[in-house]
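What follows is a single structure, written as structure tokens, with notes after it.
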Amino acid sequence: MRRGSVRLRLTLLFGGLFLAAGAALLGITYGLVSNATSGVVIARAAGAGVAGAGVASSGAGGSVGLPASQPLLNQPLQTQTLQAATRARTAVTNALLLYSGIALGIMAVVSVALGWFAAGRALRPLRRITAAARRISATNLHERLALEGPDDDLRELADTIDGLFARLDMSFDAQRQFVANASHELRTPLARSRTLLEVALRDPGASSESLRTACDRVLAAGAEQERLIEALLMLARGQRGIARRKPLDLAAIARDVLAARGTEVTARGLGMEVTLGPALMAGDFALSERAVANLIDNALRHNVADGTVWVTVGTQDDRAVLRVANTGPVIPPERVGSLLLPFRRGGSAGRAPRTRAPRAPRACLGSDDGLGLGLSIVQAIAVAHGAAFSIVARPDGGLAAELSFPPAPPSWGDDDAQPRGQARDQARDQPLALTV
């Protein structure tokens, strides 16, 4: 038994409740018996007085009875009878109180013992849960408590812990897979850079032009590493959460992102249908801009020749909503969920190639640039904002993504609360519709 254990507290609680209930029952019984014996004593005293009066009248006058109006006689005998009855009543009630107290003490000890036993029986499943939870660690999170028995609070607790272990197991697996994929992605450009440098150094007839070309390739591999590290840092920042939220204009953010990608849209020959309406939200500007950029870049990159991208920003149920859809290869619906995992790249015919898409122009390097982290970053940013993010496969090919942010505070307050991107009245009163 540990000091302050739940079993000890339950035992003391059971014993205390039994003792309080027994004391209350004893008090009620004592009061009822006392009142009942009081009436008996009075009746007996009255009867004794009448009998004494009748005897005295017979001895004095020789008759058997007295008139009703004649006062009672032999008053000392009546008083003595009343005193004797009162003493007898007091002795009975005192004996009742004494014996009941002794019985209450004995039953209190018995109740403590029974309470200890009952508490142990009730807490036995909890001890099994505690022992199993201690046994399960990061190396065997696949194990479960699997508590059997009635569907009570302890069973619900065990099922809740099993669900927690299942989520932790999935998180650990995802983390291990993420670390493995990140290591692979970082090792590839490092190996490429080392190979380029070794080939250049081992070539005895290397010219300045060939060395310059090798250096350019090494710089390109280094830039690829920088983009990957930046994407990983953004993913970690999105998963960390947001310390301070500010009012933002989602339409203005989308407008700026689309303006920065005009060159890429023209180079790819894609059609753009853009509708920007008032959409005020609360969140982090840098993370929100990255989420919008990743969704638009994903729609531009994974498209077909002469394809189309649809971008819509508006307000629905007081929430700022961004919808991005695009034409592209047909994606099986069962593979859509896997696209949210890190380092998963889409492909046609149910395949997930690890080769990167052709690099976009420099204007679009705000995203992960085909690293397979774009949608994962968007999901992390959505979780950090408390936003709803969903993607579905379009029947004709491509994806349709929807990102719904929580509403902005009802009052903007000071100047720091001004929505970024454009003036507040313009965001509310001047929706924009574009078709490119």
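At least one side-chain heavy atom of Val274 sits under 4.5 Å from a side-chain heavy atom of Leu258. In this structure, the side chains of Leu375 and Ile391 come closer than 4.5 Å at one or more pairs of heavy atoms. With contacts defined as side-chain heavy-atom distances shorter than 4.5 Å, the pair Val292/Leu250 qualifies. Contact of the Val309 side chain with the Ile296 side chain is not registered, since no non-hydrogen atoms from C-beta on lie closer than 4.5 Å. Within the 4.5 Å cutoff, side-chain heavy atoms of Val6 are placed close to those of Leu123. Taking 4.5 Å as the limit, every side-chain heavy atom of Asp306 sits out of range of all side-chain heavy atoms of Leu270. At least one side-chain heavy atom of Leu126 sits under 4.5 Å from a side-chain heavy atom of Leu157.
Contact between Gly386 and Pro406 at its shortest, heavy atoms only, is O-CG, 3.7 Å. When all heavy atoms of Gly328 and Val304 are compared, the pair lying nearest together is CA-CG1, 3.7 Å. Residues Leu26 and Gly101 come closest through the heavy atom pair CD2-N, 4.1 Å. Across all their heavy atoms, Leu19 and Ala108 have their closest contact at CD1-CB, 3.9 Å. The two residues Ala320 and Ala279 make their nearest non-hydrogen contact at CB-CB, 3.8 Å. Between Ala291 and Leu403, the shortest heavy-atom distance links the atoms CB-CD2, 4.0 Å.
With a 6.0 Å radius and a threshold of 12 heavy atoms from other residues, nucleotides or ligands, Arg212 has its CZ atom at or below the threshold. Shown here is Glu156, whose CD atom has no more than 12 heavy atoms of other residues, nucleotides or ligands within 6.0 Å. Summarising the local packing, CZ of Arg217 is surrounded by 12 or fewer heavy atoms from other residues, nucleotides or ligands at distances under 6.0 Å.
With sequence neighbours left out, the salt bridge (Lys or Arg N to Asp or Glu O under 4.0 Å) criterion links Glu143 to Arg135.
Rounded to the nearest 0.5 angstrom, Leu201 CG and Leu211 CG are separated by 8.0 Å. Between atom CE of residue Met272 and atom CG of residue Leu300 there is a gap of 6.0 Å, rounded to the nearest 0.5 Å. Between the CG atom in Asn298 and the CD1 atom in Ile377 there is a gap of 11.5 Å [rounded to 0.5 Å]. The CZ atom of Phe405 sits 7.5 Å away from the CD1 atom of Ile381 when rounded to the nearest 0.5 Å. With rounding to the nearest 0.5 Å, the separation of OG1 in Thr11 from CG in Leu114 is 10.5 Å. Leu196 contributes atom CG, which lies 9.5 Å from atom SG of Cys215 (distance to the nearest 0.5 angstrom).
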Any chance you could lay out the side-chain contact (heavy atoms from CB on, under 4.5 Å) test for Phe389 and Leu295, step after step, and finish with the verdict? CA-CA 11 Å; Phe389 176 55; Leu295 288 179; 3.8 Å; yes
Under the side-chain contact (heavy atoms from CB on, under 4.5 Å) criterion, do Leu399 and Ile331 qualify, and how do the steps go? CA-CA 8 Å; Leu399 286 176; Ile331 301 176; 3.8 Å; yes
Evaluate Val324 against Thr312 for side-chain contact (heavy atoms from CB on, under 4.5 Å), listing each step before the verdict. CA-CA 7 Å; Val324 179; Thr312 304; over 6 Å; no
Could you please spell out the steps behind the salt bridge (Lys or Arg N to Asp or Glu O under 4.0 Å) verdict for Asp284 and Lys246? CA-CA 6 Å; Asp284 181 85; Lys246 292 184 178 181; over 6 Å; no
May I have the step-by-step check of side-chain contact (heavy atoms from CB on, under 4.5 Å) for Val257 and Arg261, ending in yes or no? CA-CA 7 Å; Val257 171; Arg261 281 143 182 82; 3.7 Å; yes
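Screening residues 380-393 for side chain to side chain donor-acceptor pair (under 3.5 Å), with sequence neighbours left out, gives Ser288-His385. Pairs of residues two or more places apart, or lying in two chains, that qualify as side chain to side chain donor-acceptor pair (under 3.5 Å) and include a residue from residues 319-328 are Asn303-Thr327, Gln316-Arg323, Arg319-Ser404, Arg323-Glu402.
Between the side chain of Ser111 and the main chain of Met107, a donor-acceptor pair closer than 3.5 Å is present. Of the possible polar contacts, none joining the Ser100 side chain to the Leu97 backbone as a donor-acceptor pair under 3.5 Å is found.
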